[in-house]
J.: 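After the structure tokens below, expect a handful of questions from me.
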Amino acid sequence: MESTRQRLIKILESNRDSYLSGQELSNQLNVSRTAVWKHMKELGKDGYEIEAAPRKGYRIVAYPDKVTKNTLQWGLNTSRVGRDIFHYEQVSSTQDIAHQLAKEGYGHGTVVVADEQVKGKGRMSRAWHSKRNEGIWFSLLLKPELPPVQAPQITLLAAVVLAEAISSISDLSPQIKWPNDILINHKKIAGILTEMQAEQDQIQYIVLGIGINVNQDQSSLPEDIRHKATSLRQESGKTWEINWLIQLILETFENTYEQFIQEGFLPVKNKWEKYGYRLGQEVTISTMRKAWQATLVGIEADGALLTRTEEGIQEKLYSAEIHWGEGGYNANP
Ligand code: BTX
């Protein structure tokens, strides 16, 4: 059940450009005008700026930029994702907390979000730079009723969600570099880390970690990654409201995930391939023993990258080094 507050936020949000009188709000919410006024005061305390114009009514003029459980949940249009939200100012890694919550029995869709991570994790024990308030650092606890072999599909799905969310709010053209980097203009803007706990034929839970660079300028990214990392701000030239972005991602995630559960992997595969980095192009692939040229064709249901050699032989890759171009994925195609 939505609280009166949540409904109030929704009504104010959907009337951003006009005023709503106390009477109208009290009618719509079915509470007294005094109750409306009290709720407005509470919203003010949480950082919402509400303009109260005589004879016109109320209007939201600014949203809180501070992330809290409340600001994330208000107006969040999901049914399962984000029902439980844990917000921290500073953590070592949101992944570790999400694992702990899974063990304590928290359910599908639980979100752990932090303003800052001091030990943000990438894949294979790499570090993920997660500075205070400059990006989105969160973990999502998922309990899909799927066999472990399908876990890579969740990572691919998450990449699609990020690419779709970014495309829906900007003119930017995000791309997905297999398996799961989100690039804009050849630079990494987001990363995904999937950690799974499973029995032989059933996933117990997945902790899906998502890191997105949002409001960093060039100088606030560490020097060693500046040439290959970027942020929404750097690419779009404006600063972004973190609360709103997290809500958008959670909503996009829920819709995409529900479609995946109902219709299977095909819609995800099609979307992934729409955003796939260097798909249709020739790259160099190498293992310890050899190097060869191949064209990137698409992805497979088991998470593999499908390639085609010059001789027309199709091959599935699970791990190999891909040379994305001179100078790495930073280079122009
Ligand atoms: P990855 O292994 O693909 O990427 C890690 C590599 O990316 C690093 O070695 C570095 O070169 C580069 N890198 C580090 N920080 C950044 C950054 N902020 N922007 C761009 N490039 C960077 C990707 O791993 C998975 C990242 C998941 C992060 C989320 S945040 C919430 C959750 N908690 C947590 O500890 N990890 C996940």
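In each ligand, atom 1 is the first atom listed, and ligand 1 is the first ligand listed. These values consider heavy atoms only, across backbone and side chains, with no hydrogens, waters or symmetry-generated copies.
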J.: Does an N or O anywhere in N213 fall below 3.5 Å from an N or O of ligand 1?
T.: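 Yes - when backbone and side-chain N and O of N213 are compared with those of ligand 1, one distance drops under 3.5 Å.
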J.: What are the atoms of ligand 1, with element, lying closer than 4.0 Å to any heavy atom of G209?
T.: 29 (C), 32 (C), 37 (C)
J.: Have S220 and E134 got a donor and an acceptor in their side chains that come within less than 3.5 Å?
T.: yes
J.: Does the N or O separation between K188 and ligand 1 drop below 3.5 Å for any pair?
T.: yes
J.: Shared ILVMFWY cluster between V297 and W272, side chains joined below 4.5 angstrom?
T.: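 The answer is no; the residues belong to distinct hydrophobic clusters.
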J.: Is there a heavy atom in G120 that sits closer than 4.0 Å to ligand 1?
T.: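 Yes; G120 lies near enough to ligand 1 that a heavy-atom distance drops under 4.0 Å.
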J.: One residue to check: D181. Relative to ligand 1, which of side chain, backbone, both or neither has a non-hydrogen atom less than 4.0 Å away?
T.: side chain
J.: From atom 27 (C) of ligand 1, work out which of Q117, K121, R126 has a heavy atom at the shortest distance.
T.: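 Comparing heavy atoms across Q117, K121, R126, the nearest one to atom 27 (C) of ligand 1 lies in K121.
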J.: Could you check whether any heavy atom of M124 sits closer than 4.0 Å to an atom of ligand 1, since that is the contact criterion I want to use?
T.: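 Flag not set, M124 not near ligand 1.
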J.: Identify, by atom number and element, the atoms of ligand 1 in contact range of T94, meaning under 4.0 Å from any of its heavy atoms.
T.: 31 (C), 32 (C), 33 (N)
J.: Can Q95 and E195 be counted as having a side-chain donor-acceptor contact under 3.5 angstrom?
T.: yes
J.: Any chance the side chains of T68 and N70 put a donor and an acceptor closer than 3.5 Å?
T.: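 No, no side-chain donor-acceptor contact under 3.5 Å.
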J.: Go through the steps for N185 and E235 under the test side chain to side chain donor-acceptor pair (under 3.5 Å), then give the verdict.
T.: CA-CA 8 Å; N185 290 325; E235 297 300 322; 2.7 Å; yes
J.: Would you mind telling me if ligand 1 is within reach of the side chain of S130, the backbone, both or neither, using heavy atoms under 4.0 Å?
T.: neither
J.: Quick one about E164 and T252 (side-chain donor to acceptor, distance below 3.5 Å, no hydrogens or angles considered), yes or no?
T.: no
J.: Return a yes/no value for H129: is any of its N or O atoms, backbone included, closer than 3.5 angstrom to an N or O of ligand 1?
T.: yes
J.: Please say which of N215, L232, L250, I212 ends up in a side chain to side chain contact (heavy atoms under 4.5 Å, CB included) with L245.
T.: L232
J.: Using a 4.0 Å heavy-atom cut-off, say whether I192 meets ligand 1 through its side chain, its backbone, both or neither.
T.: backbone
J.: Do Y257 and H108 have side chains that get closer than 4.5 Å, going by heavy atoms?
T.: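 Counting from C-beta outward, Y257 and H108 do come under 4.5 Å.
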J.: Does G135 come within less than 4.0 Å of ligand 1, judged by its heavy atoms?
T.: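 Checking ligand 1 against G135, which is what was asked, there is no heavy-atom contact under 4.0 Å.
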